[in-house]
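This report refers to the structure that appears directly beneath it.
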Amino acid sequence: VCSSDLNGNVRYSTNYNYVGNIKHTDFFEQTLIQKTTQISPAYYTPSPRYLVFSFLTPIFSEDKDVIAVLCAQLHLNNISSFFANTYFGEDGYSMLIDRYGRVLAGGDKDDALISVSDDLRRKIKNIENHFTYTDANSNYVSLFKGERFIVLISRSYKQVYGVMNDSYDR
């Protein structure tokens with residue numbers, strides 16, 4: 001967690017050596033323009049290397065002027081671990097994909113921020129609700145599709161719900 005001035009210079013930080021780089025981002029600019037909380041796309045921090053989201057929110061004066069920006073990062077370690085260790089059937093798996101068509105969690109950890117195929121990205125962008133997708137290797141079904149994320153399962157609905165129901169029964 002840190003706070004920065006209106007130029008994006010870090011003034012206070014819970015990490016003693018954090019200097020930040022938020023001033024060069026669109027979401028910092030949008031925080032100042034819209035005067036609302038903004039969430040960044042997922043990205044890697046330089047050192048140590050973590051996959052994170054940043055949440056930026058304006059800090060207001062008593063006169064309701066923006067006087068600073070509060071920034072917090074959410075590490076995706078636990079989410080990544082959950083997706084990497086959740087299987088459906090013998091070889092089914094789950095993936096968390098962002099609205100830009102990049103894998104955030106699931107699959108190999110080296111797959112993070114790798115773009116999905118153009119066909120799947122078009123499907124994600126153009127379909128409002130649940131969808132199915134087939135490529136040369138697998139059948140996929142979207143389990144959840146929100147504004148920012150899609151949870152994609154590499155099995156049929158029947159197999160997915162069978163695994164989910166079994167886990168609920170335990």
Side-chain angles (χ1 to χ4, degrees), residues 1-4 8 10 14-15 18 20-46 48-60 66 68-88 92-135 138-157 160-161 163-164 167:
V1 176
C2 71
S3 66
S4 72
V10 173
T14 56
N15 182 336
Y18 180 74
N21 196 22
I22 60 172
K23 64 183 170 187
H24 302 293
T25 64
D26 290 338
F27 50 92
F28 177 76
E29 185 177 322
Q30 290 304 310
T31 301
L32 297 176
I33 292 169
Q34 296 181 17
K35 299 182 181 183
T36 60
T37 298
Q38 301 292 312
I39 303 171
S40 75
Y43 63 94
Y44 280 108
T45 58
R49 190 168 191 248
Y50 293 119
L51 185 60
V52 300
F53 288 106
S54 286
F55 297 82
L56 282 76
T57 194
I59 300 172
F60 295 96
V66 177
V69 174
L70 182 69
C71 176
Q73 290 179 336
L74 172 66
H75 295 251
L76 294 177
N77 298 354
N78 290 339
I79 294 171
S80 296
S81 177
F82 171 80
F83 277 90
N85 295 302
T86 302
Y87 299 96
F88 295 92
Y93 58 92
S94 58
M95 291 186 292
L96 181 64
I97 301 171
D98 69 10
R99 67 179 171 196
Y100 306 103
R102 301 176 308 163
V103 175
L104 299 179
D108 293 331
K109 72 177 188 174
D110 293 336
D111 289 342
L113 297 185
I114 299 295
S115 292
V116 297
S117 70
D118 290 340
D119 288 341
L120 181 53
R121 194 170 31 255
R122 278 192 294 276
K123 192 99 165 177
I124 289 168
K125 184 177 180 180
N126 295 324
I127 303 294
E128 300 236 353
N129 296 311
H130 298 292
F131 62 88
T132 59
Y133 173 75
T134 302
D135 68 12
S138 298
N139 295 316
Y140 299 93
V141 63
S142 64
L143 191 59
F144 168 81
K145 184 172 190 282
E147 182 182 329
R148 295 183 139 295
F149 308 104
I150 295 96
V151 176
L152 199 63
I153 308 296
S154 70
R155 303 303 278 171
S156 70
Y157 268 127
V160 169
Y161 286 121
V163 169
M164 291 172 63
S167 68

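Side chains are part of it too, since the values below use all heavy atoms of this structure and drop only hydrogens, waters and symmetry mates.
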Partners passing side chain to side chain donor-acceptor pair (under 3.5 Å) against T37 (at least two apart in sequence or in another chain): T57
Does a side-chain heavy-atom distance below 4.5 Å link S40 with F28? no
Under the side chain to side chain donor-acceptor pair (under 3.5 Å) test, residues paired with R121 that sit two or more places apart: D118
Distance alone, cut at 3.5 Å: any donor-acceptor contact between the side chains of Y140 and S94? no
Taken to the nearest 0.5 Å, the spacing of I97 CD1 from R148 CZ works out to 15.5 Å
What is the distance from atom NZ of K125 to atom OH of Y100, rounded to the nearest 0.5 Å? 11.5 Å
d(I124 CD1, R99 CZ) to nearest 0.5 Å is 13.0 Å
S115 meets the side chain to side chain donor-acceptor pair (under 3.5 Å) criterion, sequence neighbours left out, with none
Side chain to side chain, F131 and L120, heavy atoms closer than 4.5 Å: yes
Residues two or more places apart in sequence or in another chain: which of them pass side-chain contact (heavy atoms from CB on, under 4.5 Å) with F55? I39, F53, L74
Listed partners of F60 passing ring-ring contact (aromatic ring centres under 6.0 Å, His included), at least two apart: none
Please confirm whether the backbone N or O of Y133 pairs with a side-chain atom of K123, one donor and one acceptor, at under 3.5 Å? no
Measuring from I59:CD1 to S4:OG, what's the distance to the nearest 0.5 Å? 8.0 Å
side-chain contact (heavy atoms from CB on, under 4.5 Å) partners for D26, two or more places apart: none
Is the backbone N or O of V1 less than 3.5 Å from a side-chain atom of T14, with the two atoms forming a donor-acceptor pair by type? yes
L104 to A112 - nearest heavy-atom pair and separation: O-CB, 4.3 Å
Checking T45 now: which residues fulfil side-chain contact (heavy atoms from CB on, under 4.5 Å) with it, not counting sequence neighbours? Y43, Y50, V52, Q73
Restricting to ring-ring contact (aromatic ring centres under 6.0 Å, His included), what partner residues turn up for F27, sequence neighbours left out? none
Residues that Q30 engages under side-chain contact (heavy atoms from CB on, under 4.5 Å), provided they are two or more places apart: I33, Q34, Q38
Considering only heavy atoms from C-beta outward, does the side chain of I79 approach that of L96 to under 4.5 Å? yes
Hits for side chain to side chain donor-acceptor pair (under 3.5 Å) against R122, two or more places apart or cross-chain, chain-then-number order -> D119
With heavy-atom distances below 4.5 Å as the criterion, would you say the side chains of V66 and L32 are in contact? yes
Could I get the full list of ring-ring contact (aromatic ring centres under 6.0 Å, His included) partners for F144, not counting sequence neighbours? none
